[in-house]
Structures are given as structure tokens and as C-alpha cells.
Amino acid sequence: MAQTFDKPKVELHVHLDGAIKPETILYYGKKRGVALPADTVEGLKNIIGMDKPLSLPGFLAKFDYYMPAIAGCREAIKRIAYEFVEMKANEGVVYVEVRYSPHLLANSKVYPIPWGQQEGDLTPSEVVALVNQGLQEGERDFRVKVRSILCCMRHQPDWSPEVVALCKKYREQGVVAIDLAGDETIPDSSLFQGHLQAYEEAVRSGIHRTVHAGEVGSAEVVKQAVERLKTERLGHGYHTIEDPALYAKLLAENMHFEVCPRSSYLTGAWRPETEHAVVRFKRDKANYSINTDDPLIFKSTLNTDYHMLKNLMDFTEDEFKRLNIKSAESSFLPENEKKELLDQLHKAYGM
């Protein structure tokens, strides 16, 4: 597929553990003796990948297939970070913020130990150090600017205070924000004590904040993210528009929505017989970005998402330029670096 928008792009919502090369999963499965559901790239793609909609929990279950091949392995963790930057370079991305849960890649000082791993000696803190190394080497080799976001998990509020501590510890090494990810259908999970505590500490410490909210959850989840977690951006946020007063307020405040079009179709967050929230965002000149979310599972690249918007929703080149400028403005870079990024885009777009 030809590039739908062949100019420099900014991506703000993509999960490292949802953007791994199938070849790399097979390599570490074999090397580490971890059973995988298939032994070819095609076979693996067909089992992990999605072509038609599932529920959000159904989508999340996909990680169970392959995460045991990567988690707990220092070499694998650094490599997926490095290869991620190469992937983004090939997609014409000039700046990306990649997110992940350090705890889901660790096998020590984490309870419960994820993916049924044996206890080892790889802590969440060392996971962050390894990802940072891989990303920095990728930046150097592929000339893409990369920063990272550390995720709290909705079902594990006990991990969250450590997540914000790691954001502080590694803020000089490219970690720019905290996120809350996972199963949004867990009732009131935004208000679990550990998450509230972590986000309060983030506000106090000047750590940037984003939250997955209103993807499949109601506008109420968005309200909690804004009012209680003091989020600066919304992961997805589609269901915000069901509460006109809240939506009007967030538009007025220039809230940024991290939109993931193909993802929203495959997770069932959006039903094709209805108008996609992003069409409303476009009409209202809202502040939003276009992102892949989990390209391994959605069998996609960033071009898939742009192609979908152009062909199914009549998005224009001008709108693509506008939303990338908005994405750069809403990035978690310090002001001087943000200005450099905006200058780079304005120049490339002839603006």
C-alpha cells in the first residue's frame, strides 16, 4: 500500500509490547524454550493478529500468547525497543512516545509475577533501563526522536506507586509521562487507591499524565480521568462525546485525544454503522492525534490508520498536517524541544 500521507508524522499512543516483530517473538520462543502457538511468522500473525472485532478483554487476551517469550529476558527487552525505533523510521515517524508496563516485562520484585514466569532477577527498574538503552541506540541509528511513557495497569493498583517512582528516577533518560492502561471495564478502576496515589504524586512531581479512558468505557470514566487523575491527554476518549457538557468543556480546554482508528474497530470501541468519534473531532477542529496502538495485533502500520481515515472518512492532506501539528504541540517534550519539532514539521509541510 502506497503511503497515504508521506510527510513526517508524530505518534503519541503506541504500546511497545504490542509492536514487536513476529520474527523476534519466534526467535526468543525458540531460544528460551517457550512454547508458542505457531512456529512460522504467518502462523503467528494469524493467531495473534486480528481481522475482525473482538471485545477489549478479548483483545487483551492476545498478549498471553507471546509475552512469555519476551518477558524476563534482558536481551529480548532491549532488542524489541531497538527494533521498534526502526519500525517507526520506516513509517515516516519523526517523533514518537512509546508506552509499556515495566512490571509486565519483569520477573523479580513484582507480585504476582506475570505470564506464569518463574521468579528471576529482572526488576521493573532494570526493565526501564534496558528499554531506554534500546530506544537510545535506535534513535542514534534510525534518526527518530523517541520518548517513553510508563503504564500503570488498572487491575494492579499496587504496582502504580512504583510506576510513578520509576518515572521520576528515569526522567533524565527519556521517560516523559505516566499512563493508566488495561481493562477499562473494571468498575471505577480509575479510583483505586494505588492509581490515585500515583497520579497525585505525578502532579506534585511535574510528571506528565495520560490515561486510557472512554475507549470502551463511558464518558464517566473520562470524567474520572480528568477530574481525579488530572490527566493532560486522553487515550482514545471516543465516548466523551456522549456527554455534551463534558465534551464542550474539554474542547474549550484544548484536551488532546489520542485516537487509534483501526484499533477502535477491532476492539469493538467503534461500530462501523455509526460515525466514528474522530469525524466529530475533525468537524469540531478538536486537538487529536492518529496512532497505531498495537500494530502487531492489529496487523497494521501507521499507514493503515491514515489510509482508513482518507478512504472511509474523507480526511484530507490538510487535516493530516493539522493533526500532526496538534500532536507535536500536545507531546510531552520540554518547550524548547517541542519548538524544534514544530519547526521541523512546518518546514516539511511548507507552512
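Throughout, residue positions are numbered sequentially from 1 according to the sequence presented. Here the structure is a predicted model, which means the values were calculated and not measured.
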A.B. asks: Take atom CZ of R228 as the centre, draw a 6.0 Å sphere, and report whether it contains more than 12 heavy atoms from other residues, nucleotides or ligands.
C.D. replies: no
A.B. asks: Between Y238 and H276, is a ring pair (Phe, Tyr, Trp, His ring centres under 6.0 Å) present by the stated rule, with each step listed?
C.D. replies: CA-CA 8 Å; Y238 318 125; H276 197 295; 5.3 Å; yes
A.B. asks: Rounded to the nearest 0.5 Å, what separates atom CD1 in I290 from atom NZ in K9?
C.D. replies: 12.0 Å
A.B. asks: Would you confirm whether R262, through its side chain, and M308, through its main-chain N or O, come within 3.5 Å as a donor-acceptor pair?
C.D. replies: no
A.B. asks: Can you find a heavy atom in the side chain of V278 that is under 4.5 Å from one in the side chain of P261?
C.D. replies: no
A.B. asks: Decide if atom NZ of K310 counts as having more than 12 heavy atoms of other residues, nucleotides or ligands within a radius under 6.0 Å.
C.D. replies: no
A.B. asks: I'd like to check Y247 versus D284 (side-chain heavy atoms, cut-off strictly below 4.5 Å). Are they in contact?
C.D. replies: yes
A.B. asks: Can you tell if the side chain of C152 reaches within under 4.5 Å of the side chain of W159, non-hydrogen atoms only?
C.D. replies: no
A.B. asks: Any chance the side chains of E97 and S331 put a donor and an acceptor closer than 3.5 Å?
C.D. replies: no
A.B. asks: Quick one about N303 and H307 (side-chain donor to acceptor, distance below 3.5 Å, no hydrogens or angles considered), yes or no?
C.D. replies: no
A.B. asks: Ignoring hydrogens and angles, tell me if any N or O in the side chain of D183 forms a donor-acceptor pair with the backbone of P57 under 3.5 Å.
C.D. replies: no
A.B. asks: Could you grab the distance from atom NE2 of H15 to atom CG of L104, nearest 0.5 Å is fine?
C.D. replies: 11.0 Å
A.B. asks: Could you tell me if S160 and H195 have a donor-acceptor pair between their side chains, going purely by distance under 3.5 Å?
C.D. replies: yes
A.B. asks: Indicate the atoms forming the closest heavy-atom contact of A81 with L135, along with that distance.
C.D. replies: O-CD2, 3.5 Å
A.B. asks: Mind listing the closest non-hydrogen atom pair of H236 and C260 along with its distance?
C.D. replies: CE1-SG, 3.6 Å
A.B. asks: What do you reckon, is OH of Y349 surrounded by more than 12 foreign heavy atoms closer than 6.0 Å?
C.D. replies: yes
A.B. asks: How many angstroms lie between CG in D17 and CD1 in I70, if you round to the nearest 0.5 Å?
C.D. replies: 10.0 Å
A.B. asks: Between S289 and N291, is there a side-chain donor-acceptor contact under 3.5 Å, judged purely by atom types and distance?
C.D. replies: yes
A.B. asks: Report yes or no: does S205 contribute a side-chain atom to a donor-acceptor pair with the main-chain N or O of I207 at less than 3.5 Å?
C.D. replies: no
A.B. asks: What are the two closest heavy atoms between A19 and V14, and how far apart are they?
C.D. replies: CB-CG2, 4.3 Å
A.B. asks: Between Y288 and S330, do the side chains contain a donor N or O and an acceptor N or O under 3.5 Å apart?
C.D. replies: no
A.B. asks: Hey, could you give me the CD/CD1 distance between E119 and I113, rounded to the nearest 0.5 Å?
C.D. replies: 4.0 Å
A.B. asks: With a 4.5 Å cut-off on side-chain heavy atoms, are Q3 and Y306 touching?
C.D. replies: no
A.B. asks: May I ask you to decide if I178's main-chain N or O and H208's side chain share a donor-acceptor pair within less than 3.5 Å?
C.D. replies: no
A.B. asks: Before we go on, tell me: are the rings of F298 and F59 under 6.0 Å apart, centre to centre?
C.D. replies: yes
A.B. asks: Measuring only between side-chain heavy atoms, which start at C-beta, is V94 closer than 4.5 Å to R143?
C.D. replies: no
A.B. asks: Does a salt bridge link D343 with K339, judged by any charged N lying under 4.0 Å from a carboxylate O?
C.D. replies: yes
A.B. asks: Working note: T292 + T301, criterion side-chain contact (heavy atoms from CB on, under 4.5 Å); need CA distance, chi angles, decisive distance, verdict.
C.D. replies: CA-CA 7 Å; T292 54; T301 65; 5.7 Å; no
A.B. asks: Let me confirm one number: the CZ-CG distance from R99 to D293, rounded to the nearest 0.5 Å.
C.D. replies: 8.0 Å
A.B. asks: Any side-chain heavy atom of F281 sitting closer than 4.5 Å to one from L323?
C.D. replies: no
A.B. asks: Please report the interatomic distance CG(L309) to CZ(F320), rounded to the nearest 0.5 Å.
C.D. replies: 5.0 Å
A.B. asks: Does the side-chain contact (heavy atoms from CB on, under 4.5 Å) test come out yes or no for Y95 and R147, once each step is laid out?
C.D. replies: CA-CA 8 Å; Y95 175 68; R147 297 293 180 265; 3.4 Å; yes
A.B. asks: Determine which pairs satisfy salt bridge (charged side-chain N to carboxylate O under 4.0 Å, His left out) with at least one residue from residues 51-80, sequence neighbours left out, and list them in order.
C.D. replies: K31-E75, D51-K299, R74-D121, R74-E126, K78-E137, R79-E83
A.B. asks: Hey, which of R154, M153, E184 is the one that makes side-chain contact (heavy atoms from CB on, under 4.5 Å) with S189?
C.D. replies: R154
A.B. asks: Can you confirm if the aromatic rings of F142 and Y82 lie within a centre distance of less than 6.0 Å?
C.D. replies: yes
A.B. asks: Do other residues, nucleotides or ligands put more than 12 heavy atoms under 6.0 Å from the CD atom of E172?
C.D. replies: no
A.B. asks: Can you give me the closest heavy-atom contact between L229 and S190, atom names plus distance?
C.D. replies: CD2-O, 3.6 Å
A.B. asks: Would you mind listing every side chain to side chain donor-acceptor pair (under 3.5 Å) that reaches into residues 100-111, with sequence neighbours excluded?
C.D. replies: H103-E162
A.B. asks: Take F5 and K321 through the side-chain contact (heavy atoms from CB on, under 4.5 Å) test and state the conclusion after the steps.
C.D. replies: CA-CA 9 Å; F5 180 61; K321 288 177 180 174; 4.0 Å; yes
A.B. asks: Hey, are the side chains of V131 and V128 touching, using non-hydrogen atoms and a 4.5 Å cut-off?
C.D. replies: no
A.B. asks: Kindly say whether L296 contributes a backbone atom to a donor-acceptor pair with the side chain of D294 at under 3.5 angstrom?
C.D. replies: no
A.B. asks: Closest approach of L16 and I80, non-hydrogen atoms and distance?
C.D. replies: CD1-O, 3.8 Å
A.B. asks: Specify the closest pair of heavy atoms between L191 and L196, including all atoms of both residues, with the distance to one decimal.
C.D. replies: O-CD1, 3.2 Å
A.B. asks: Between Q117 and V34, is there a side-chain heavy-atom distance shorter than 4.5 Å?
C.D. replies: no
A.B. asks: Hey, are E227 and K249 close enough for a salt bridge, meaning a charged N less than 4.0 Å from a carboxylate O?
C.D. replies: no
A.B. asks: For the pair E319 and M313, evaluate side-chain contact (heavy atoms from CB on, under 4.5 Å) and give the outcome as yes or no after the intermediate values.
C.D. replies: CA-CA 12 Å; E319 183 64 11; M313 303 176 199; over 6 Å; no
